[in-house]
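Each chain gets a letter, A, B and so on, in the order the sequences are listed, and its residues count up from 1. Atoms considered below: every heavy atom in the structure, side chains included; atoms not considered: hydrogens, waters and symmetry mates.
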Number of protein chains: 2
Amino acid sequence: MPAPGRPRGFDRDAALRSALRLFWERGYEAVSISELTEAMGIGARSLYTAFGCKEELFREAVELYGCTPGLGTATERALETAPTARAAIEAMLRDNAEIYADPGSPRGCMVVLAATNVSEDNVSVRLFLEQRRRAVRESVRARLAAAEGEIPGGADLDALADYAMTVLFGLSVQAKDGASVTGLHKVIDAAMFGWDGMVRACA
Amino acid sequence: MPAPGRPRGFDRDAALRSALRLFWERGYEAVSISELTEAMGIGARSLYTAFGCKEELFREAVELYGCTPGLGTATERALETAPTARAAIEAMLRDNAEIYADPGSPRGCMVVLAATNVSEDNVSVRLFLEQRRRAVRESVRARLAAAEGEIPGGADLDALADYAMTVLFGLSVQAKDGASVTGLHKVIDAAMFGWDGMVRACA
DNA sequence: GTAATTCTGCAACGATCATTGCACAATAGA
DNA sequence: TCTATTGTGCAATGATCGTTGCAGAATTAC
């Protein structure tokens, strides 16, 4: 049963995907409504009717990024499926590295890079992504806390989680600067030595 | 001997410092000329007479950031004065961490954060900072190459340098998200285990 | 003094920003 | 067919963007 009124003349999901790519590539403020409408193939009026305003569109795009297989779900998936905490962290880093450096997509993580530079009017957008980053950190922290026996009791789980997140953040900048997938994997090789050393030191 | 013509009615260096802080805090495009003129205490016409245009002002601000003791010089200084490559990397990370989380300054590194989101018109600004980041990486790489005997011959200096830069980049994001100095130092504790493991693995 | 030079305040420039009012089109249910 | 509801194209909104022309002020060199 379709809703009453004139039906929408475009594919809302496809339009949102176009907006996602643009926001991901350049960030919130650096993308204008006119660029969005052109990329989405719709008029400004339709954009506002369908998505509310620019910020709501951005938030929807971020949500889509977060729940799209092969993009935002990689982290959660890695944390859930890996058999050990160490493997979970390594899988999170490596799977994301592949995504960050994928030649067919914007480089780096949208959640890390898409709202770094905002004016005073749009601080809320920056805080929105900051909160998403914090949520990822908490997922990582929770995975470490659930690793019975694997991590010695004296280990600083907060420090371990922050370390993993720091490397993850850094990978986004590296990818944006043009780093290759193999280069990122070598970085992760080193990073996992850091994990091992940290865990061993607290044994 | 002063130059002919009407003398400048403001302190150019002080005005540049004000612009630096603003650009550092929010980034290139998120700061408007009117905000700059207000912070610098001058009219728009004086800004353009003294600095040329917004991009030139930004570049000068970045140069100032780079050559200011306690800001951009920390990295170079750490690389030059530390007795070993390992100590150089650690000092670079720790000294920068102190700067990134300094409560009296904008959080994170200006070179890493100030031109992440730019429109198509200002790609040159992003590339300008990208080049500065690359230059830092080359300094790190050179310091590693100069560490005779300390690092085994089979070690991948590029990977080690990229790893150090990745952690350094990540620290900026962490600081921007509100991480404490002690939190950053704990991250660096873990990161240095990564260095040791990487070096030992290639022995 | 005069000329040359540089800086500054004012007021504007055209362009673009995100957003919306309005008339009309296109559907559903009655 | 009539009403209710929703989407769309057009054209505009006021605001702000970075930048500049111009007249006059302030200095040096002569």
Does anything in residues 52-75 of chain A form a ring-ring contact (aromatic ring centres under 6.0 Å, His included)? List the pairs, not counting sequence neighbours. Phe23(A)-Phe58(A), Trp24(A)-Tyr65(A), Tyr28(A)-Phe58(A)
Does Ser46(A) make a side-chain N or O approach to OP1 or OP2 of dT8(D) shorter than 4.0 Å? yes
Report the end-to-end axis angle of the helix from dG1(C)-dC30(D) to dA30(C)-dT1(D); each axis comes from five terminal pairs, and the value is rounded to 10°. 0°
Residue pairs meeting side-chain hydrogen bond (donor to acceptor under 3.5 Å, both in side chains), one or both in residues 66-83 of chain A, sequence neighbours left out, come to Thr75(A)-Asn96(A)
Would you kindly give the CZ-to-P distance between Phe10(B) and dC7(C), to the nearest whole Å? 9 Å
Any donor-acceptor N/O pair, Glu150(B) side chain to Arg86(B) backbone, under 3.5 Å: yes
Restricting to side chain to side chain donor-acceptor pair (under 3.5 Å), what partner residues turn up for Arg17(A), sequence neighbours left out? none
Atom-to-atom span, CG of Asp11(B) to P of dC7(C) - whole angstrom: 15 Å
Which letters describe nucleotides 12-26 of chain D, given B = protein heavy atom under 4.0 Å from base, S = only from sugar-phosphate, - = neither? -----SSBBBB-BBB
Mind checking side chain to side chain donor-acceptor pair (under 3.5 Å) for Ser172(B) and listing every partner two or more places apart, or none if nothing turns up? none
d(CG, Asp121(A); C1', dC17(C)) in whole Å: 11 Å
Could you go through residues 184-193 of chain B and list every donor-acceptor pair under 3.5 Å that involves a side-chain atom there, pairing it with any protein atom two or more places apart or in another chain?
{"residue": "His185(B)", "atom": "ND1", "partner": "Arg94(B)", "partner atom": "NH1", "Å": "3.0"}
{"residue": "His185(B)", "atom": "NE2", "partner": "Glu98(B)", "partner atom": "OE2", "Å": "2.7"}
{"residue": "Lys186(B)", "atom": "NZ", "partner": "Asp156(A)", "partner atom": "OD2", "Å": "3.3"}
{"residue": "Asp189(B)", "atom": "OD1", "partner": "Arg94(B)", "partner atom": "NH2", "Å": "2.7"}

If I take atom CZ in residue Phe51(A) and atom C1' in nucleotide dG7(D), what distance separates them, rounded to the nearest angstrom? 13 Å
Residues in side chain to side chain donor-acceptor pair (under 3.5 Å) with Asp95(A), at least two apart? none
Starting from C1' on dT8(D), measure out to CZ on Arg12(A) and report it in whole angstrom. 16 Å
Quick one: ring-ring contact (aromatic ring centres under 6.0 Å, His included) pairs with a partner in residues 74-128 of chain A, sequence neighbours left out? none
